[in-house]
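The figures here come from the full heavy-atom set of this structure, side chains too, leaving out hydrogens, waters and symmetry mates. Note on naming: letters A, B, ... go to the chains in the order of the sequence lines (proteins, then strands), and numbering restarts at 1 for each one.
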Protein chains: 2
Amino acid sequence: MIIEIDFNSSEALYIQLRNQIILGIANSKLSEGESLPSVRDLADNIGINMHTVNKAYALLKQEGYLKLDRRNGAVICIDIDKYKAYKELMEQMTVTLAKGACKGITRQEAHKVLDEIYDSFQL
Amino acid sequence: MIIEIDFNSSEALYIQLRNQIILGIANSKLSEGESLPSVRDLADNIGINMHTVNKAYALLKQEGYLKLDRRNGAVICIDIDKYKAYKELMEQMTVTLAKGACKGITRQEAHKVLDEIYDSFQL
DNA sequence: TATGTGTTATATCATTAGTATAACACATAA
DNA sequence: TTATGTGTTATACTAATGATATAACACATA
């Protein structure tokens with residue numbers, strides 16, 4: 001899987017990396033049980049520091065997307081807590097949709113955007 | 001309108017403040033043409049620094065929610081750029097929905113969440 | 001024994017968030 | 001005119017965060 005990092009973005013590198021991996025899972029470019037590159041390899045590959053990759057991996061582990069061990073490195077392993085996921089989705093979408101609503105995005109248009117995004121996922 | 005700030009949140013104070021004001025607009029607690037408190041008053045009221053409020057106001061201005069002048073202070077004034085709003089909505093929802101999709105949130109469930117949020121807005 | 005995992009510990013530097021004090025330009029009311 | 005209230009800018013300081021760098025550790029495996 002190709003990881004694209006924007007060094008000019010105001011978003012932290014480890015957050016960009018974490019988001020890319022989550023998008024990779026949603027697009028089935030990364031599957032349950034699959035191993036990610038080691039923190040050192042990926043860091044070399046992207047051209048960033050090992051600790052930045054480690055920070056992204058640790059965050060993904062804490063958020064329930066990865067398991068880490070010393071045999072196989074970082075392995076995709078989704079920990080599903082649907083109540084938690086629902087709650088987080090609600091919180092994150094509230095501000096996002098409020099912004100849109102202020103700018104005249106209708107409910108129907110928002111539904112359309114949601115469908116387009118889900119269509120783009122290769123589930 | 002009541003502004004609630006969580007000093008224990010990891011989210012920056014001026015971002016929380018900006019989000020609260022956007023939510024206020026989406027809930028019609030703040031209307032087009034209405035004046036916000038002066039940066040000094042609001043800062044005193046919340047218990048934060050004047051510059052933090054000013055930072056939130058400047059951001060809201062830059063994002064097209066406010067106009068600022070020396071006569072009336074900060075006045076709600078929505079600058080609608082629908083293309084831009086659409087694009088931003090798409091970008092912000094993509095990662096959010098990817099997270100949900102990884103955690104087993106179905107398209108139908110996401111639509112339901114969206115409806116609940118739009119229902120909560122007093123447009 | 002050597003190598004490759006994640007992990008932890010320090011240290012350093014740059015940037016950002018928040019506070020503090022002060023002053024400025026401008027509009028308005030007394 | 002004078003005083004007051006807007007946003008705005010400038011400067012300085014502290015604390016926290018992001019990113020890098022070097023090094024070492026515990027553990028699994030070839």
Could you tell me whether the phosphate oxygens of D:dG5, OP1 or OP2, come under 4.0 Å of any side-chain nitrogen or oxygen in B:S38?
-> no
Which whole-number value in Å describes the distance from B:Q62 CD to D:dG7 C1'?
-> 17 Å
Taking CG from B:L59 and P from C:dT16, how many angstroms apart are they, rounded to a whole number?
-> 14 Å
Do A:K103 and B:D81 sit within salt-bridge range, that is, some charged N less than 4.0 Å from a carboxylate O?
-> no
Picking from D:dT8, C:dG6, C:dT19, which would you name as closest to the side chain of B:H51?
-> C:dT19
Aromatic contact, A:Y118 with A:F121 (centres under 6.0 Å) = yes
Presence of A:N49 side-chain N/O under 4.0 Å of D:dA21 phosphate oxygens OP1/OP2 = yes
Return the value, rounded to whole Å, for the distance between atom CG of B:L68 and atom C1' of C:dA27.
-> 15 Å
Which is true for B:A74 with a 4.0 Å heavy-atom rule: it touches a base, it touches only sugar-phosphate, or it touches nothing?
-> sugar-phosphate
Nearest-nucleotide check on DNA chain C, B:I48 vs A:V39; residue mapping nearer the 5' end is A:V39
Using a cut-off of strictly less than 4.0 Å, decide whether B:T52 has a side-chain nitrogen or oxygen near OP1 or OP2 of C:dA17.
-> no
What nucleotide, of D:dT8, C:dA17, C:dG6, holds the atom closest to the side chain of B:K55?
-> C:dA17
To the nearest angstrom, how far is A:L42 atom CG from C:dG6 atom P?
-> 10 Å
Check the distance between C:dA17's C1' and B:M50's CE and give it to me in whole angstrom.
-> 15 Å
Taking CZ from B:F7 and P from C:dA17, how many angstroms apart are they, rounded to a whole number?
-> 16 Å
Would you mind telling me which residue lines up with the more 5' stretch of DNA chain D, A:R40 or A:L13, judged by nearest nucleotide?
-> A:L13
Output yes when at least one side-chain N/O atom of B:Y14 is less than 4.0 Å from OP1 or OP2 of C:dA17, else no.
-> yes
C:dT7 OP1/OP2 closer than 4.0 Å to side-chain N/O of A:N54 = yes
Applying a 3.5 Å limit to both distances, which nucleotide forms a Watson-Crick or G-U wobble pair with D:dA10?
-> C:dT21
Nearest-nucleotide check on DNA chain D, B:P37 vs A:E11; residue mapping nearer the 5' end is B:P37
Pairwise distance SG(B:C102) to CD1(A:I80) - rounded to 0.5 angstrom | 9.0 Å
Before giving the answer on side chain to side chain contact (heavy atoms under 4.5 Å, CB included), spell out for B:I15 and B:R18 the whole-Å C-alpha distance, their side-chain angles and the decisive distance to 0.1 Å.
-> CA-CA 5 Å; B:I15 297 290; B:R18 177 262 242 150; 4.1 Å; yes
Hunt down the Watson-Crick or G-U wobble partner of C:dA11, both distances under 3.5 Å, from any strand shown, or write none.
-> D:dT20
Which part of the nucleic acid does B:K67 contact within heavy-atom distance under 4.0 Å: base, sugar-phosphate only, or nothing?
-> nothing
Between the main-chain N or O of A:H51 and the side-chain N or O of A:N49, is there a donor-acceptor pair closer than 3.5 Å?
-> yes
B:D41 has an atom CG; how far is it from atom C1' of D:dG7, in whole Å?
-> 13 Å
Kindly determine whether B:Q92 and A:Q92 satisfy side chain to side chain contact (heavy atoms under 4.5 Å, CB included), including the steps that lead there.
-> CA-CA 9 Å; B:Q92 288 171 31; A:Q92 287 170 32; over 6 Å; no
Nucleotide C:dT16, atom P - distance to CD1 of A:I15 in whole Å | 16 Å
Return the nucleotide paired to D:dT29: Watson-Crick means purine N1 to pyrimidine N3 with N6-O4 or O6-N4, wobble means G-U with N1-O2 and O6-N3, both under 3.5 Å.
-> C:dA2
